[in-house]
Amino acid sequence: MLPSPVQVSFIIPLFNCLALTRACVESLAATLPPGLAHEIVLVDDGSTDGTREWLATLRAPFRVTLNERNLGYALANNRGGALATGNLLLLLNNDLVLPPGWLEPMLAALADPRMRAGIVGNVQLDARTGATDHAGIVLTAQGKPEHARALPSFAWRRSARVRRVPAVTGACLLIERALWKQLGGFDHGFVNGGEDVDLCYRARAAGRNTVVALDSVVRHHVSSSFGRKLRDEQNSFRLARRWRKEFIRDATQAWCRAYLQGAWVDPQSREHRLARHALRHAAGLTVIPPPEAITGLEAAQAREFARWDTLFG
């Protein structure tokens with residue numbers, strides 16, 4: 001029988017990669033805090049490599065559901081979320097390796113009322129190289145979301161164990177089940193990409209922040225699933241259409257940092273008033289960005305949309 005009441009539902013969508021799945025599940029079982037009431041919901045999305053035969057051997061706290069065909073990442077997670085009974089949902093990719101102590105900082109970040117967090121992510125290291133692959137999702141100077149691959153300074157991490165970010169990856173994502181249901185889970189119009197960023201922006205529109213628990217570190221076999229990148233352009237287009245204004249707003253500090261780097265290389269070509277304003281905004285000393293930042297980001301977005309118009313006809 002499942003523990004009652006269930007506190008955390010771990011949801012893991014599967015598509016082949018049985019060896020990685022078994023390693024992930026073993027590391028999960030070995031690192032759960034003692035006494036944590038939990039269930040592990042495994043959603044197989046059409047595996048053909050022996051995964052389904054292995055799933056048939058599992059018992060509680062595992063719950064298994066089988067999709068008749070491959071539905072994609074968003075729908076597989078949505079199906080798992082619909083079956084889950086825990087107060088909290090923790091989405092996990094099946095190619096993670098979870099070390100001791102990874103979960104507790106995420107739970108603490110979600111419970112901290114000062115953060116008003118609705119979604120919590122963590123730091124992810126590339127399992128092959130050990131390099132930081134993810135410390136949140138941020139916006140570039142062109143207004144595009146990308147993984148932050150640099151951690152805050154050691155001194156900053158000692159004083160603040162949690163960092164607010166625009167979004168986090170769904171590879172390891174903690175969310176209250178009530179908020180998941182309120183948002184309707186992932187938008188399945190995204191196909192294996194972009195749905196996590198969209199979920200975080202919808203959570204913020206509902207008044208909840210997305211944060212990274214910096215003391216939670218896991219290892220990730222990045223993009224091990226077949227076909228992970230096949231719809232990147234379509235997913236990016238869908239995201240940008242929906243969140244164009246928000247992307248510009250979140251990219252202004254990155255634009256200012258890029259501008260200042262250019263000013264350092266060629267100071268004669270830069271206007272001093274703009275440089276001062278950009279410096280203050282990049283440092284977080286002023287909320288209002290220079291008008292030139294907005295203009296530059298709008299121009300970058302316009303070029304990208306023109307490219308998509310040509311690409312998709």
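In what follows, every heavy atom counts, from backbone to side chain, and hydrogens, waters and symmetry copies are set aside.
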Exercise. Hey, quick one: are Met106 and Leu96 part of the same hydrophobic cluster, counting side-chain heavy atoms closer than 4.5 Å, chains of contacts allowed?
Worked result: yes

Problem set entry | Any side-chain heavy-atom pair of Leu55 and Leu66 under 4.5 Å | yes

For this session: State, with a plain yes or no, whether a side-chain heavy atom of Thr252 is found less than 4.5 Å away from one of His281.
Result: yes

Problem set entry | Arg202 and Asp187 ion-paired at < 4.0 Å | no

Exercise. Would you say the side chain of Leu92 lies within less than 4.5 Å of the side chain of Leu98, judging by non-hydrogen atoms?
Worked result: yes

Exercise. Short question: side chain of Gln261, backbone of Tyr259 - any donor-acceptor pair under 3.5 Å?
Worked result: no

Exercise. Cluster question for you: counting only ILVMFWY and a side-chain heavy-atom cut-off of under 4.5 Å, with indirect links fine, are Leu91 and Val123 together?
Worked result: yes

Exercise. Hey, what else clusters with Val287 if you join Ile, Leu, Val, Met, Phe, Trp, Tyr whenever side-chain heavy atoms sit under 4.5 Å?
Worked result: none

Exercise. Any donor-acceptor pair under 3.5 Å linking the side chain of Ser47 with the backbone of Thr51?
Worked result: no

For this session: Can you run down the ring pair (Phe, Tyr, Trp, His ring centres under 6.0 Å) pairs that involve residues 78-97, sequence neighbours left out, and say none if there aren't any?
Result: none

Problem set entry | Separation between CD of Gln7 and CD of Glu39, rounded to the nearest 0.5 Å | 12.0 Å

Seminar exercise, completed: CG of Leu28 to CD1 of Ile40, rounded to nearest 0.5 Å, is 4.5 Å

For this session: Please assess Leu239 against Ser236 for the test side-chain contact (heavy atoms from CB on, under 4.5 Å), listing each intermediate value before the final yes or no.
Result: CA-CA 5 Å; Leu239 263 181; Ser236 296; 5.6 Å; no

Exercise. If you look at every heavy atom in Arg52 and Gly46, which pair is closest and at what distance?
Worked result: NH2-N, 3.4 Å

For this session: Flag yes if Leu139 and Ile294 sit in one hydrophobic cluster, no otherwise; membership is Ile, Leu, Val, Met, Phe, Trp, Tyr, and two members link when side-chain heavy atoms are under 4.5 Å apart.
Result: no

Exercise. Phe305 vs Phe237 aromatic rings, parallel, tilted or perpendicular, using cut-offs 30° and 60°?
Worked result: perpendicular

Seminar exercise, completed: Of all heavy-atom pairs linking Thr31 and Pro100, the shortest is CG2-N, 3.5 Å

For this session: Please tell me if the side chains of Arg164 and Thr210 come closer than 4.5 Å, counting only heavy atoms from C-beta onward.
Result: no

For this session: Write out all pairs satisfying ring pair (Phe, Tyr, Trp, His ring centres under 6.0 Å) with one or both partners inside residues 63-117, taking only residues at least two apart or from two chains.
Result: Tyr73-Phe186

For this session: Check whether NZ of the Lys or CZ of the Arg Arg231 lies under 6.0 Å from the centre of the six-membered ring of Phe190 and within 45 degrees of that ring's axis.
Result: no

For this session: Only counting residues at least two apart or in another chain, list the ones meeting ring pair (Phe, Tyr, Trp, His ring centres under 6.0 Å) with Tyr201.
Result: Trp243, Phe247

Problem set entry | Cys172 side, atom SG; His134 side, atom NE2 - distance, nearest 0.5 Å | 9.5 Å

Exercise. Given Val120 and Val168, is the side-chain contact (heavy atoms from CB on, under 4.5 Å) satisfied, shown in steps?
Worked result: CA-CA 8 Å; Val120 179; Val168 295; over 6 Å; no

Exercise. Is the shortest heavy-atom distance from the side chain of Leu89 to the side chain of Leu174 under 4.5 Å?
Worked result: no

For this session: Would you kindly confirm whether Trp308 and Val191 end up in one hydrophobic cluster when ILVMFWY residues are joined by side chain heavy atoms under 4.5 Å apart?
Result: no

Seminar exercise, completed: From the list Arg149, Gln124, Arg219, His220, side-chain hydrogen bond (donor to acceptor under 3.5 Å, both in side chains) with Asp133 holds only for Arg149

Exercise. Hydrophobic cluster mates of Leu71, side-chain heavy atoms under 4.5 angstrom, ILVMFWY only, any path?
Worked result: Leu75

Exercise. Hey, are Ser9 and Arg177 close enough side-chain-wise for a donor-acceptor pair under 3.5 Å?
Worked result: no

Exercise. Counting heavy atoms not belonging to His188, are there more than 12 under 6.0 Å from its NE2?
Worked result: no

Exercise. Between Arg204 and Asn209, does any side-chain donor sit less than 3.5 Å from a side-chain acceptor?
Worked result: no

Problem set entry | Other cluster members, Val97 - Ile/Leu/Val/Met/Phe/Trp/Tyr, side-chain contacts below 4.5 Å | none

Problem set entry | Steps toward side-chain contact (heavy atoms from CB on, under 4.5 Å) verdict (Val211, Val165) | CA-CA 5 Å; Val211 302; Val165 292; 5.8 Å; no

Problem set entry | Closest approach of Cys256 to Ala278 (non-hydrogen atoms, all atoms of both residues) | CB-O, 3.5 Å

Seminar exercise, completed: Between Pro289 and Ala293, the two heavy atoms sitting closest are CB-CB, 4.4 Å

Problem set entry | Gap between atom CG of Asn70 and atom CG of Asn16 - 0.5 Å precision | 9.0 Å

Exercise. Could you give the distance from CG (Leu36) to CG (Leu107), rounded to the nearest 0.5 Å?
Worked result: 7.0 Å

Exercise. Got a donor-acceptor contact below 3.5 angstrom from the Asn235 side chain to the Gly193 backbone?
Worked result: yes

For this session: For residues Glu298 and Ile248, determine if any side-chain heavy atom of one lies less than 4.5 Å from a side-chain heavy atom of the other.
Result: yes

Exercise. Under 4.5 Å between any side-chain heavy atoms of Arg208 and Glu176, yes or no?
Worked result: yes

Exercise. Going by heavy atoms in the side chains, are Asn94 and Cys17 under 4.5 Å from each other?
Worked result: yes

For this session: Could you tell me whether the side chain of Asn122 and the main chain of Ala213 form a donor-acceptor pair under 3.5 Å?
Result: no

Exercise. If you take all heavy atoms of Pro13 and Ala76, which pair is closest and at what distance?
Worked result: CB-CB, 3.8 Å

For this session: Output the distance between atom CG (Leu279) and atom CG (Leu260), rounded to the nearest 0.5 Å.
Result: 5.5 Å

For this session: Please say whether more than 12 non-hydrogen atoms of neighbouring residues, nucleotides or ligands are located less than 6.0 Å from CG in Leu58.
Result: yes

Exercise. When you look at Ile137 and Glu146, which way does the side-chain contact (heavy atoms from CB on, under 4.5 Å) test go after all the steps?
Worked result: CA-CA 5 Å; Ile137 292 174; Glu146 70 172 10; over 6 Å; no

Exercise. Does a salt bridge link Glu304 with Arg307, judged by any charged N lying under 4.0 Å from a carboxylate O?
Worked result: yes

Problem set entry | Heavy-atom pair of closest approach, residues Val197 and Ala167 | CA-CB, 4.0 Å

